[in-house]
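This structure is a prediction, so every number in the text was calculated from the model and none was measured. Side chains are part of it too, since the values below use all heavy atoms of this structure and drop only hydrogens, waters and symmetry mates. So that the names make sense, note that chain A is the first sequence line, chain B the second, and so on, each numbered from 1.
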Amino acid sequence: MTTTRRRELAPRYDAAAVEPAIYARWMEADAFRPADEPPPGAEPFVIIQPPPNVTGALHLGHALTAFVEDILVRYHRMRGDDTLWLPGVDHASIGAQFVLDRILAEEGETRESLGRDRYLERMWRFMDETRDIIGEQHRRLGASLDWTRLRFTMDADSARSVRVAFKKLWDADLAYRGEALVNWCPRCRTTISDLENVKRPESGTLWTIRYHLARPDGTPDPDAWISVATTRPETIFGDTAVAVHPDDDRYRALVGREAVLPFLGRRLPIIADTYVERTFGTGAVKITPAHDFDDHEVAKRHDLPMVSILDDEARLTDAAGAFAGMDRFDARARVLEQLAEAGDLEGEQPHEMLIGRCDRCGTIVEPRLSVQWFIRVSPLAARALASVREGRTRIMPAHFEKVYAHWMENIHDWAVGRQLWWGHRIPAWYCPDGHITVTDLVDGPEHCDTCGRPADELTQETDIFDTWFSSGLWPFSTLGWPDATPDLARFYPTQVMETAYEILFFWVARMMMLGLFFTDREPFHTVYLHGIVRDPYGQKMSKTKGNVVDPLEMISDIGADALRAALVSGNAPGVDQRLSDSKLTGGRNFTNKLWNAARFVLGSRPAAERAPVEASLPVRWIRSRLAEATERATAQLDSYDIGGYAGTVHEAAWNDYCDWFLELAKVDLRRADATDADRAGTWLAAAEGLALILRLLHPLMPFVTEEIWDALGEVAPEVTAGEPLLIRAAWPGAAGRDPASERAFGDLAAVIRGIRNLRTGAGTPAGAWVPVAIAPTDAAAAEALRSESRYVEALARARPLTVRADADRPETVAPSPLGPAWLEVGAPSDDDARRRSAQLDEVDRNIDRVRDLLANEAFVGKAPPDVVARERERLAGLEEQRRQLAAG
RNA sequence: GGGCGAUUGGCUCAGCUGGUUAGAGCGCACGGUUCACAUCCGUGAGGUCACUGGUUCGAAUCCAGUAUCGCCCACCA
């Protein structure tokens, strides 16, 4: 005699207590780390985590990224793939400096007061304080990252990858130093990329200013002028020409003459260029080559001088004469004032325009001429584009491939230098003779590559790299590149890059370009882009709007599993989603449902030994249904349809297993005439079903499933295969479909639904037992009804259930494939009659439709045979329904 | 100015390469304190799939155009 073991699950699931304990158990079991050797024959499955910023507090975007990746990783791990999910943290140079500068300000220090070395020391201390925070937050999400491989973009290995990469680019003539116009943030005091220069419409003013024409002696003619329109009068000091459209009759005579620049008296040629819009402003444009991208192009075409007038903090330089030292906006006011006094301010009007602001600090960005390091990207972009065009890397959703292509085709050289301190310093050294030496040696070059001058006469470049340069190497630098490490051989190229579509250009494009150049392989074969998580009204979440949902708060409240279900359900790649309370509640309710189903199963084990027993129809049915769910879920995960997978397992668990199967199982567990073996068999099937559902659900809701698995394993190790940890359990196989049982049970369920329907129509109290009769359509139906009657009775609360001929049936029946069923109680009401006639009408409409379809020779002739056969079958079913409804 | 996407019941969204009577969750109505769960169960109402044409035996799905909304890119100072 064996004793039946039980383990009680708490009446309520306490996520806040369970989740940390489960995570600790996984860590203790070292469950996230791939085996030391790849399992024989196993396919690799590798995701390199997009490294969150070291300064970043966890937001829903991180959470969604982590959830999608964790689902894929847990799934592949269960499948036995050689699975690695590698975590990282990004040093976020400009972002980190922004944060540290604010802290320093509170301490009464500044970047300058500390100087580069002390500033960096301070930064490293700051890093030590903050580096682990984001990882800890990811652990609360349930992210099963291999923490033993945690990487930081500023660690020594990354630094070497960066140096080696840059040296290779330099040697291949893909890195160069040159003068160009760049976006300058006067507050961060660095160059920023086009992508970091965020342009938004703002209201400004368009001023009209008179530039007097030059008389032969070079002095301004008080009676002749050309009026130019500008939104930035302070740039006047940098003007080197005035441009008009070549076909503009108003100005044709002036082309070739000269105007005089106010304040400075510089003579400006009046040139013709098609860049000028005749209809805008006055049709004449002041050309400021050093502070405007368009003007810069014009200047290059016309060989104009370029005069820089702004310093690092956007104060005017000596080039502005008396205005030198003035802030750009103060200067604007003074310039306007003085022009007005001189009578040369002709007019002003409000003007809507695009203003570029620094993505980081919001300061208005200033185009500025400077000498910078660039990456020549066109050859890199060509390869990166071909990889996607030719399908070696797929982007999901697919329409982003067009966006990607468009960007790659119009790409400009990448200004990679940043005038910041926190980051990887560009490994270039200058010799007094002007030679440049680039090296990947950690201590710098031994001598000038060109003239051999010793190292102590060389000076290193002070600029650092754009953060995205080290990020662009991430898929392989994290695995040991440039060394041929075992990890690199084993895990590269990776499989999936999952990230927000917002950083397709920032990051994905750069990884593609650099990955192909350095490794000759696409760094991943699938790019999964997720959308933005918005508030219930479709607004972007932001601190200033106060509509931010904090994932950690949600986790304390409803648990990580619930948040995962809420965020992932119904989510499609590339589509923004609105996160509402009802979704979050839905996630919480689902964990609760699962918990309670498990409580029921664990608590209802009959005190009997397991014995072989013929499986009941519900048991055969649920096995088949779960096999089908497994098949679908597997296909959906294989095709990265995460939302679809969540829907599939949700429906299988809640609808099929809980609402139908467990109710049916109760019938057999509780009926008085069941044998011990029957009960044991039913319970075992329920436990097996639960175990299967736990496996299917584990990637979505790892904590609650793991906790239930633990309890289930104690009670019934035979269904958990003795595997103590669900995270290590095998993903189920999809075999076991049983169409005959599905069909048989489908018929029975139709009878049950029909009777429930009649009850509601008749206003029968839900708890009341009602006598029901059913007239089987044939002998097989009669047999089915008799052998399965107990299920119909219990689920429809129909007792007694009589199976007999329909001689005495009333008009109101519930038609079903097994025959019409009716309540043997009370007299038919008016409602009944209305229902019946509505039902008849609908059936008739459908019969007509299908008959017409089948009478259409074009349909029968051209539609595939299986479609025609299906319609024939449907017609037969409808006609049977009609017979049953009408016979009364 | 270019490009991309969206438009499906009150709300949020699924509906892949065209093939049952277009689905789900929430909300709503009605009925339920049956010993897993009221964070639940059962039943139901509610949609001419934005509009107009076209292709097809068959269109929410493919094509063209229109309208509205959203996003990205871009050199009107």
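The residues A:R790 and A:D668 are annotated as salt-bridged, a charged nitrogen and a carboxylate oxygen being separated by less than 4.0 angstrom. Using a cut-off of 4.0 Å between Lys/Arg side-chain N and Asp/Glu carboxylate O, A:E842 and A:R845 are scored as not salt-bridged. The residues A:D576 and A:R534 are annotated as salt-bridged, a charged nitrogen and a carboxylate oxygen being separated by less than 4.0 angstrom. In summary, A:K540 and A:E502 engage in a salt bridge, as defined by a charged side-chain N under 4.0 Å from a carboxylate O. We find that A:E879 and A:R882 are not joined by a salt bridge, their nearest charged nitrogen and carboxylate oxygen being 4.0 Å or further apart.
Remark on RNA chain B: of its neighbouring residues A:G761 and A:E352, the 5'-side contact belongs to A:G761, judged by nearest-heavy-atom nucleotide.
Among the protein residues, A:L878 comes within range of the nucleic acid bases, having at least one heavy atom under 4.0 Å from a base atom. At the heavy-atom level, A:N856 lies under 4.0 Å from the strands shown only through sugar-phosphate atoms. Within 4.0 Å (heavy atoms only), A:G283 reaches at least one base atom of the nucleic acid. Residue A:P864 is classed as a base contact, given a heavy-atom separation below 4.0 Å to a base.
Note: CG (A:L853) to C1' (B:rU56) measures 14 Å, nearest angstrom. Rounded to an integer number of Å, the gap from A:H296 NE2 to B:rA77 C1' is 17 Å. Rounded to whole angstrom, the span from the CZ atom of A:R753 across to the P atom of B:rC41 amounts to 15 Å. Between the P atom of B:rA77 and the CG atom of A:D239 lies a distance of 16 Å, rounded to the nearest Å. Atom-to-atom, CD of A:Q839 to C1' of B:rU43 comes out at 13 Å; the value is rounded to the nearest Å. For the pair A:D295 CG and B:rA77 P, the computed distance is 11 Å after rounding to whole Å. In this structure, A:N757 places its CG atom 14 Å from P of B:rG42, rounding to the nearest Å. The separation between A:E842 atom CD and B:rA45 atom C1' is 13 Å, rounded to whole Å.
No cation-pi contact links A:K593 to A:Y657, judged by a cut-off of 6.0 Å to the six-membered ring centre and 45° from its axis.
Nucleotides B:rC16 and B:rC73, compared at atom P, are 29 Å apart to the nearest Å. A distance of about 24 Å separates the C1' atoms of B:rU43 and B:rC35, rounded to the whole Å. Here the separation of B:rC63 from B:rG18, taken at their P atoms, is 11 Å to the nearest Å. Spacing between B:rA60 and B:rU48 at atom C1', rounded to whole Å, works out to 12 Å. For the C1' atoms, the distance from B:rG25 to B:rG46 is 15 Å, rounded to whole Å. Here, B:rU17 and B:rU61 have their C1' atoms 10 Å apart, quoted to the whole Å. If you take atom P in B:rU55 and the same atom in B:rC71, they sit 37 Å apart, rounded to whole Å. Comparing the C1' positions of B:rG27 and B:rG65 gives a spacing of 37 Å, expressed to the nearest Å.
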Between N or O atoms, less than 3.5 Å apart, protein on one side and nucleotides 71-76 of chain B on the other: list the pairs.
unit_1, atom_1, unit_2, atom_2, d
B:rC75, O4', A:D294, OD1, 2.3
B:rC75, O4', A:D294, OD2, 3.3
B:rC75, O2', A:D294, OD2, 2.9

What does the list of N/O pairs under 3.5 Å between the protein and nucleotides 11-18 of chain B look like, with a distance for each?
unit_1, atom_1, unit_2, atom_2, d
B:rU12, OP1, A:R578, NH1, 3.2

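With A:E707 as the fixed residue, the side-chain contact (heavy atoms from CB on, under 4.5 Å) test singles out one of A:L712, A:V18, A:D14: A:V18.
Checking A:Y537 against A:N547 by side-chain atom types alone, no donor-acceptor pair falls below 3.5 Å. A donor and an acceptor atom, one from each side chain of A:S193 and A:E196, are located under 3.5 Å apart.
Each of B:rG5, B:rA77, B:rG19 was ranked by its minimum atom distance to the side chain of A:V867; first place goes to B:rG19.
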Per-nucleotide pairing state of RNA chain B [Watson-Crick or G-U, under 3.5 Å; [ ] pseudoknot-crossing; | other strand]: (((((((..((((.....[...)))).(((((.......))))).....(((((..]....))))))))))))....
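For A:R394, there are no salt bridge (charged side-chain N to carboxylate O under 4.0 Å, His left out) partners at least two apart in sequence or on another chain. With sequence neighbours left out, the ring-ring contact (aromatic ring centres under 6.0 Å, His included) criterion links A:F703 to A:W26.
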Heavy-atom protein contacts under 4.0 Å, nucleotides 24-40 of chain B, coded B base, S sugar-phosphate only, - none: --S----SS-B-BB-BS
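The shortest distance between side-chain heavy atoms of A:R328 and A:T235 does not fall below 4.5 Å.
Between A:H650 and A:F590, the ring-plane angle classifies as tilted under the 30° and 60° cut-offs. Taking the six-membered ring for Trp and thresholds of 30 and 60 degrees, A:W595 and A:Y13 have ring planes inclined between 30 and 60 degrees apart.
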Chi angles and distances behind the side chain to side chain contact (heavy atoms under 4.5 Å, CB included) call for A:I642, A:H530: CA-CA 11 Å; A:I642 308 291; A:H530 67 248; over 6 Å; no
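Ring-centre distance between A:F280 and A:H245: not below the 6.0 Å cut-off.
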